[in-house]
Structures are given as C-alpha cells and as structure tokens.
Number of protein chains: 2
Amino acid sequence: MTREDWADAALAALGERGLAGVAVEPLARALGVTKGSFYWHFKDRRELVAAALARWEELAVDAPIAALAEVDDPAERLRRLVAIAWERPEHLRAEQALAAASEPEVARAVAHVTARRLEFLVQAYRELGEPPARARQWAATAMATYLGTGLLLRAAPEVAPTDAAFRALVRHFAATLLPASSR
Amino acid sequence: MTREDWADAALAALGERGLAGVAVEPLARALGVTKGSFYWHFKDRRELVAAALARWEELAVDAPIAALAEVDDPAERLRRLVAIAWERPEHLRAEQALAAASEPEVARAVAHVTARRLEFLVQAYRELGEPPARARQWAATAMATYLGTGLLLRAAPEVAPTDAAFRALVRHFAATLLPASSR
DNA sequence: TATGGCACATACGCAAGCGTATGGAACATA
DNA sequence: TATGTTCCATACGCTTGCGTATGTGCCATA
C-alpha cells in the first residue's frame, strides 16, 4: 500500500461519488486496510485531495500537451486533441466532479488546469489565423463543449448509445469546433 | 417562513456550495430559524431536495419552453433560446452542481430535464431540415456547450471578463450552434 | 376567557467522518 | 538475539448533520 495507491483510489472515488466521496474511512474499507495506513502516508484529507489533483493534472494536461507538441499543423493538432480528449469517456467523469466543486483549493487547481488548456487552445486557433479575441472565443467554445460532454453523457447516456454513435458525435464536435475557413 | 422559502434557499445553496451544501441545520441558521421550522414543513432532507429540483425544472425548462412556444421560425427560436439560456449566468451555477451530482434521485431528475431539453432542441433542428441523426448531434452539441459554459465560467472567469465580452461569446455560441445552411 | 391548532424552539439520541494516540507484527540491522 | 524502523490496527474523543420528541408562544375561534 503506497501513497500512490491512495491517490489513485481517491481520483477514482472522485469520478464515481464526487468530492464528498473522497473520504478516508470509506476508502480504507474499499482498499481493505484501516485509517492507520492512511495517516501513515498522509498528513490529513487535504493532502490526499491535493495528491489526487496533482495526479489529475498529469493525466489530463501534461500528457496530452506533450503528445501533441510536435504536430506542426494547428488544424491537425486540434483534430487530434479532440480525438485524445474524448478518447476515454470515463476520464470525463472526474472532470465535472472537479469543475463543479466549490472547495477553494480544488477551485484553484481547476483554474490552473483550465488556464493551461485554454492557453494551448488559443495558441492553436491563433496559428490558424484567427485574431486574438476570436481565438479566445473559439477556445472557450471548445472548452465548454468538452466540459459539457461529461455532464451530458451522465444526464443523457442515450445521446451516444453505441461506440459508433459516440465517435460520430465526436466527429461532429470536431467539425463545429474548427472555423469554417480551416476545415 | 413557507415551504417555498426553504426550497428557494435550498436551490441557492445548491448553486453556491453544491448538493452537500443543502443541509438542514446550516440552512436553518442562514434563514435565522431552527430545524423545528424545517421539520414542520418537510418530512426529511430528501423531500427538500425534491422540492428544489421541482423548482429548478420550472425555472429552467417549463418557463423557457413556454416563452418560445409561439416562435414559428426554428432558427429564430434557437437564437432566442441561446439568448434566454445564457441570460443570467448565476443560473448556470446550480446547473452543474446538479448535473455533476452522483445521488440517484438527483440523477433521475437531471435525466428527465435533459431529455425534455434535448427533445425541444432536436425538434428545432429537424424543422431546420436536418435529418434525425444529425439533428440529435446538433442538439447534443448545443446541450454540451450550454452545460460546459457553467463549468468554464467557474474555472476561468477571465474568458468573459466583462458583460460585453460575455455577450460576444454567446453570439459566438449562437453562430457555432446553427448549421451553416441556416445562418 | 378557555381551547384548539399553527409555527416554531429546545433538547435528545444517533451515525459517520476526522484526526490522534498507542499498540503490535514483521523485517532489517548490528 | 537485542534493537530499531516500517507499516498498519485498534481505540478514543470530537464535530457535524439527521431525525424525533416534546415544550411553548400566539392567534383564531367559540
């Protein structure tokens, strides 16, 4: 039982039961240990949440940005980003639990992640020739669509009943998220 | 102190502190009364959440649909819907708290509301001449964008620093959410 | 001016989660 | 074989919120 085991379990619980579900004693039961283990690896619950947030930023921001760093064509970069972002729908679940959280520390982490993502998007849209203000609008639209998809799939799974339907929907996203001049 | 006062306070708390913030004793303190008042008007906390959800459906679904019932042109109906939906950003806050909730009863209510909204959207896109599958994709895109805007404004308020910028962003939404053939 | 009900307040027991304090098994080290 | 460290279990007190039971002021009605 390592510190990383706890952080991963916390991130999973976050996606399934929300931030309130990241509770020491229930997690301990699920992992088959007691609180004694937890308080050996962590100072308190805040530290666990912080570790889960750090893990999330790695998986959700650092990895994708690194994977797309060497794609020169901005339109192709955006298309691949769409593909990566919607690749595993289960990853979307932790997203909204975090984005909807009202705890100040979580909000700070979410704001940081969002700022990095928006920066990446604005850069791509600018390379497509969009002026700054419009590039920011396109970036905001893309972010909103992405974040909202997690909420939508939770509320209405029937909008993408099959894998094929989901992929078709993502293609539709990709089409609406590129300026007409760049398709 | 009426039942409606409690339901409104619950809905407000939902937007500010999430579903976990809809707690009887803190609400009572905020309202300047005690639990005695609450348990006079309600059986238990579940009933309060149900009342808040019902209030939400009225404000967020029944009212807009009624207001748009007599707009014959579907493109104009969608444009007005965008204007109404993003009219008061503070209303967006309760949205994602609800949509991200993991409680089954809340999920059911959210699913019901989402289904009604999607039905309304699909109908409009079909009237625009889109075939069924594409109409559903457009509807899903519009819903995702709407839901995601709440999350985005919370995570990155700087994407719409002024009222003018926010209105410009909403105009951008309206443009991307209409098929090119219907602009 | 008694009397019922209405709309609360007060006081209780209970469960769940947090954090701490301490005990103990297993293993390495000397 | 003693000793120390690691990793976890157990047991405790504390807080917060839920739901219930009961007390109480007030107002209408007769």
Side-chain angles (χ1 to χ4, degrees), chain A residues 1-56 93-94 97-98 100-109, chain B residues 1-56 93-94 97-98 100-109:
Chain A
M1 193 63 33
T2 70
R3 197 183 153 92
E4 283 68 34
D5 292 332
W6 280 98
D8 285 338
L11 195 53
L14 196 63
E16 292 164 17
R17 288 177 301 281
L19 191 60
V22 183
V24 176
E25 284 166 322
L27 278 181
R29 283 192 290 273
L31 292 172
V33 292
T34 66
K35 304 196 298 183
S37 170
F38 175 80
Y39 285 100
W40 172 256
H41 294 286
F42 293 87
K43 186 178 155 290
D44 55 16
R45 180 180 176 274
R46 289 182 66 254
E47 203 175 288
L48 174 64
V49 173
L53 290 171
R55 187 103 181 86
W56 170 61
R93 312 203 112 235
L98 287 170
S102 45
E103 288 78 357
E105 358 162 19
V106 180
R108 265 195 302 277
Chain B
M1 194 64 32
T2 72
R3 199 182 152 91
E4 284 67 35
D5 292 331
W6 281 99
D8 286 338
L11 196 53
L14 197 62
E16 292 163 18
R17 287 177 302 281
L19 192 60
V22 183
V24 176
E25 285 167 323
L27 277 182
R29 283 193 290 271
L31 292 173
V33 291
T34 67
K35 304 196 296 182
S37 169
F38 175 80
Y39 285 99
W40 172 256
H41 294 286
F42 293 86
K43 184 179 157 292
D44 54 17
R45 180 180 176 274
R46 289 182 62 255
E47 203 174 288
L48 174 65
V49 173
L53 289 172
R55 186 103 182 88
W56 171 60
R93 312 204 111 234
L98 286 170
S102 46
E103 288 78 356
E105 358 163 17
V106 180
R108 266 195 300 278

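In the text below, chain A, chain B and the rest are named by the order of the sequence lines, each starting its count at 1.
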Going from CG on B:Leu53 to CG on B:Leu48, what distance comes out if it is rounded to the nearest 0.5 angstrom?
9.5 Å
Separation of [N] [atom2] from [X] [atom1] (nearest whole Å):
X: A:Asp44; N: C:dG17; atom1: CG; atom2: C1'; answer: 13 Å
X: B:Leu19; N: D:dG17; atom1: CG; atom2: P; answer: 14 Å
X: A:Arg46; N: C:dG19; atom1: CZ; atom2: P; answer: 10 Å
X: B:Tyr39; N: C:dA11; atom1: OH; atom2: P; answer: 18 Å
X: A:Arg45; N: C:dT20; atom1: CZ; atom2: P; answer: 15 Å
X: A:Arg17; N: C:dG17; atom1: CZ; atom2: P; answer: 11 Å
X: A:Glu4; N: D:dC7; atom1: CD; atom2: C1'; answer: 15 Å
X: A:Leu27; N: C:dC18; atom1: CG; atom2: C1'; answer: 13 Å

From C-beta outward on [X], which listed nucleotide comes closest to its side chain: [options]?
X: A:Glu25; options: C:dG17, C:dA9, D:dA9; result: C:dG17
X: A:Ala23; options: C:dG17, D:dC8, C:dA9; result: C:dG17
X: B:Ser37; options: D:dT10, C:dC8, C:dC18; result: C:dC8
X: B:Trp40; options: C:dA7, C:dG17, D:dC18; result: C:dA7

For A:Glu105, is there any backbone N or O sitting under 3.5 Å from a side-chain donor or acceptor partner on A:Arg46?
no
Please confirm whether the backbone N or O of B:Met1 pairs with a side-chain atom of B:His41, one donor and one acceptor, at under 3.5 Å?
yes
What is the minimum heavy-atom distance between B:Ala13 and B:Gly21, and which atoms define it?
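So the two residues come closest at CB-O, 3.9 Å.
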At under 4.0 Å, does any side-chain N or O of A:Arg29 touch on OP1 or OP2 of C:dG17?
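For C:dG17, OP1/OP2 do have a side-chain N/O of A:Arg29 under 4.0 Å.
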On the nucleotide D:dC8, are OP1 or OP2 found under 4.0 Å from the side-chain N or O atoms that A:His41 carries?
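So the side-chain polar atoms of A:His41 do come within 4.0 Å of the phosphate oxygens OP1 or OP2 of D:dC8, strictly under.
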Look at B:Arg3 together with B:Glu47 and state whether they make a salt bridge at an N to O cut-off of under 4.0 Å.
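Between B:Glu47 and B:Arg3 there is a salt bridge, with a charged N closer than 4.0 Å to a carboxylate O.
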